[in-house]
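Fair warning: this is a prediction, and the values are worked out from it, not measured in the lab.
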Amino acid sequence: MDKGLGAGIGDIISHFQNSSCSDGVQEPCIWASPGGARKIDIGKQIFCNRSLNMKNIVAVGFDMDYTLAQYKPETFESLAYDGTVRKLVYDLGYPEELLEWSFDWKYMVRGLVLDKKRGNILKMDRHKYVKVAYHGFREMSKEEKVEAYGNTLIRDAFDEPDYALIDTLFSLAEAYLFAQLVDFMDNNPGKDSKSTDYVRMYKDVRAAVDLCHRDGTLKQMVAKDPKTYINEDRSIVPMLKMLRESGRSTFLVTNSLWDYTTIVMNFLCGSHTLDGGITCNSDWLLYFDVVITGSAKPGFFHEDNRANLFQVEPESGMLLNTDNGTPMPQVGDISPGLLLKEKNGTCRIFQGGSVGHLHKLLSIESSSQVLYVGDHIYGDILRSKKVLGWRTMLVVPELEREVELLWELRDLRKKLHLLRNERDLIEDQIHHLKWSLKSEGIDVDEQRKMCTRMDDLEYQRDKARLSHQEAQRECHQKFHKVWGQLMKTGYQNSRFAHQVERFACLYTSQVSNLSLYSPDKYYRPSEGFMPHEFEIIPL
Ligand SMILES: Nc1nc2c(ncn2[C@@H]2O[C@H](COP(=O)(O)O)[C@@H](O)[C@H]2O)c(=O)[nH]1
Ligand SMILES: [Mg+2]
């Protein structure tokens with residue numbers, strides 16, 4: 001099988017090479033360029049859960065943070081971690097030794113669930129069965145897992161308020177800190193009056209992280225030196241240009257406010273000086289018809305949302321009232337400079353409002369004409385698709401490595417499959433032999449033979465079980481030493497994968513992968529199979 005065919009999209013294949021320029025940033029090779037329309041590397045393909053014909057899409061919208069702007073977790077999440085620790089110590093009275101702790105940004109992954117009451121971190125499958133569980137950083141035994149989560153009669157929803165979902169990359173630092181604090185509290189019961197009050201501890205961490213996002217702890221640092229915290233992606237501008245040239249409107253809806261948005265967007269779309277610096281201006285606005293900042297997603301997507309829509313004056317950041325998006329003259333002494341000029345073709349910048357406003361601004365007739373690209377299942381994707389009927393694309397940066405590993409480990413995974421079959425076969429033989437031994441009329445000699453056969457089968461079963469478990473562990477750890485494959489838990493899809501499947505029409509590793517496909521592409525899902533079909537339909 002060709003590595004490039006894995007997506008089921010079936011594009012014309014030939015190896016796609018990205019070229020790097022002298023500063024290490026990859027040069028774009030977009031679909032519309034003379035060298036474009038080539039084979040797409042498996043890690044950069046767009047995967048399809050639900051058919052989507054781009055010809056029916058009239059507007060393509062983008063989330064900003066962790067979608068257009070891919071933060072570098074090693075620096076950005078470390079910043080969040082350090083800021084949170086300092087707030088816990090200096091504002092909330094946590095012990096000073098927390099200041100000496102360090103953050104392993106690779107440890108936590110998306111899709112995990114924090115059990116606030118028990119101090120556990122869980123990975124579950126699509127049926128919400130807990131498959132991997134840690135108390136702090138200690139792996140829980142099978143018995144502990146069954147005791148806490150094994151009662152199938154009282155099925156837990158694993159939702160707020162008792163659980164917290166790690167469904168955005170912004171949450172990796174808080175999940176890690178929570179695990180550290182659980183261990184710390186367990187090992188030092190006398191050191192803190194909160195003792196094992198994990199719920200309270202989680203609340204403190206959450207409040208401190210929240211404050212880091214609001215008080216400038218993170219944004220000031222990013223604004224000073226975006227290159228340290230955000231990956232450059234030179235395909236974003238060509239992608240936006242191609243979409244616009246194909247006749248689509250483009251828009252941005254972000255929860256970030258204008259002051260921060262314009263800095264990040266300048267970094268991503270603005271021109272760079274010869275020494276690698278950024279020139280800050282409003283040129284990036286040319287790539288969008290409408291920009292909505294401070295959108296307060298997911299509330300933005302509620303149809304009954306009555307939030308006011310303000311126009312943003314780009315130079316000053318000043319907010320002006322609008323009448324549902326139409327500029328309103330100010331009563332009294334109107335400073336002419338504050339009346340926004342509505343030049344034809346210029347981007348309109350707003351704060352707040354709701355999806356109704358956006359539809360009106362873009363003259364959207366049917367919500368199915370909108371494709372929205374985001375990184376957050378709950379904030380960007382679930383509500384926009386489920387309630388509104390927008391078409392959606394989820395950005396999952398982890399996917400690039402995951403699909404490449406799947407390819408590299410295909411022999412190990414084949415071996416796993418064979419070992420599972422071998423175990424099942426031996427177990428069936430043992431069961432049958434046990435029943436046979438109960439039958440009447442078996443003479444002693446026959447019985448002895450059957451017992452010897454049973455010993456032999458049991459030996460084979462133990463050997464096969466051990467080999468299978470070892471191969472399983474090896475495969476699990478190749479993906480992630482603790483949590484394994486992002487999209488799987490054992491043989492089942494993970495809870496995260498299940499959500500991706502249900503709510504994202506498309507999913508891919510980077511937003512700019514859109515630039516590798518025709519803007520009129522008809523995305524089609526691969527055929528889905530029920531278990532009974534696998535044996536019959538040759539794959
Ligand atoms: N107040 C909080 N803000 C947060 C938190 N986590 C992330 N954020 C901010 O949200 C936006 C996300 O923007 P979008 O483009 O993805 O819509 C960004 O400004 C983050 O800083 C939080 O826990 N509290
Ligand atoms: Mg985002």
Side-chain angles (χ1 to χ4, degrees), residues 9 46-64 66-68 126 159 165 167-168 239-240 243-244 246-255 288-307 309 324-325 348 350 352-396 495-508 511 513-514 517-526 528:
I9 293 172
I46 295 177
F47 302 96
C48 177
N49 288 316
R50 197 185 142 203
S51 303
L52 195 159
N53 187 352
M54 283 296 286
K55 281 192 173 152
N56 298 330
I57 297 297
V58 302
V60 183
F62 299 88
D63 164 72
M64 184 177 78
Y66 271 123
T67 297
L68 288 171
R126 69 191 177 109
D159 276 332
L165 312 176
D167 48 21
T168 134
M239 170 192 75
L240 292 168
L243 286 170
R244 293 174 68 74
S246 76
R248 271 78 189 192
S249 303
T250 49
F251 66 92
L252 183 75
V253 175
T254 171
N255 282 357
F288 297 93
D289 295 281
V290 173
V291 168
I292 298 193
T293 59
S295 62
K297 291 172 288 176
F300 181 84
F301 298 121
H302 280 266
E303 274 165 342
D304 53 0
N305 181 335
R306 297 277 170 267
L309 183 70
N324 285 317
R348 289 164 290 173
F350 298 93
S354 69
V355 71
H357 291 127
L358 182 69
H359 280 184
K360 201 168 146 243
L361 288 163
L362 292 168
S363 308
I364 300 292
E365 285 165 9
S366 156
S367 51
S368 64
Q369 296 172 322
V370 180
L371 171 66
Y372 187 62
V373 188
D375 67 293
H376 192 184
I377 285 268
Y378 284 94
D380 297 321
I381 301 295
L382 188 146
R383 209 158 283 280
S384 59
K385 175 173 183 247
K386 212 167 140 179
V387 181
L388 211 59
W390 275 8
R391 309 308 306 276
T392 53
M393 180 160 105
L394 185 75
V395 171
V396 187
R495 177 186 152 275
F496 181 71
H498 188 49
Q499 289 173 334
V500 174
E501 204 174 17
R502 280 189 345 175
F503 302 122
C505 302
L506 307 175
Y507 63 103
T508 192
V511 63
N513 295 343
L514 263 178
Y517 291 81
S518 157
D520 289 327
K521 169 92 185 158
Y522 198 142
Y523 294 95
R524 296 173 203 275
S526 49

Asp520: partners by salt bridge (charged side-chain N to carboxylate O under 4.0 Å, His left out), with sequence neighbours left out:
Arg248

Quick one: does any side-chain atom of Arg50 pair with a main-chain N or O of Thr392 as donor and acceptor, under 3.5 Å?
no

Report yes if the side chains of Leu243 and Phe62 come closer than 4.5 Å at any heavy-atom pair, otherwise no.
yes

Side-chain donor-acceptor contacts of residues 355-366 below 3.5 Å, not counting sequence neighbours, with atom names and distances?
unit_1, atom_1, unit_2, atom_2, d
His357, ND1, Ser354, N, 3.0
His357, NE2, Asn324, OD1, 3.0
His359, NE2, Trp390, NE1, 2.9
Lys360, NZ, Asn324, O, 3.3
Ser366, OG, Ser368, N, 3.2
Ser366, OG, Ser368, OG, 2.9

List the residues meeting side-chain hydrogen bond (donor to acceptor under 3.5 Å, both in side chains) with Ser295, not counting sequence neighbours, and say none if there are none.
Asn255

Phe350 six-ring centre to Arg348 NZ/CZ under 6.0 Å and within 45° of normal
no

So do Leu165 and Ile377 actually touch side chain to side chain, heavy atoms under 4.5 Å?
no

Which residues pass the side chain to side chain contact (heavy atoms under 4.5 Å, CB included) test with Arg502, sequence neighbours left out?
His498

Can you tell if the side chain of Val511 reaches within under 4.5 Å of the side chain of Met239, non-hydrogen atoms only?
yes

Just so I know, are the side chains of Cys48 and Leu506 near enough to count as touching, which here means a heavy-atom distance under 4.5 Å?
yes

Taking C-beta and beyond as the side chain, do Thr250 and Asp289 meet within less than 4.5 Å on heavy atoms?
yes

Would Phe288 and Leu240 satisfy side chain to side chain contact (heavy atoms under 4.5 Å, CB included), going step by step from the backbone distance to the final call?
CA-CA 8 Å; Phe288 297 93; Leu240 292 168; 3.8 Å; yes

Side chains of Thr168 and Tyr378: closer than 4.5 Å at any heavy-atom pair?
no

Check: Asp63 and Tyr372 side chains under 4.5 Å, non-hydrogen atoms:
yes

Tell me which pairs pass salt bridge (Lys or Arg N to Asp or Glu O under 4.0 Å) where either residue lies in residues 372-382, with sequence neighbours left out.
Lys297-Asp380

For Asn513, enumerate each residue passing the side chain to side chain contact (heavy atoms under 4.5 Å, CB included) test, keeping only those at least two apart in sequence or located in another chain.
Lys44, Ile46, Thr508, Ser509, Gln510, Leu516

Quick one, Leu382 with Phe301, criterion side chain to side chain contact (heavy atoms under 4.5 Å, CB included). Give me CA distance, side-chain angles, the key distance, then yes/no.
CA-CA 10 Å; Leu382 188 146; Phe301 298 121; over 6 Å; no

Apply side chain to side chain contact (heavy atoms under 4.5 Å, CB included) to residues Lys55 and Tyr522 and explain how you reach the verdict.
CA-CA 8 Å; Lys55 281 192 173 152; Tyr522 198 142; over 6 Å; no

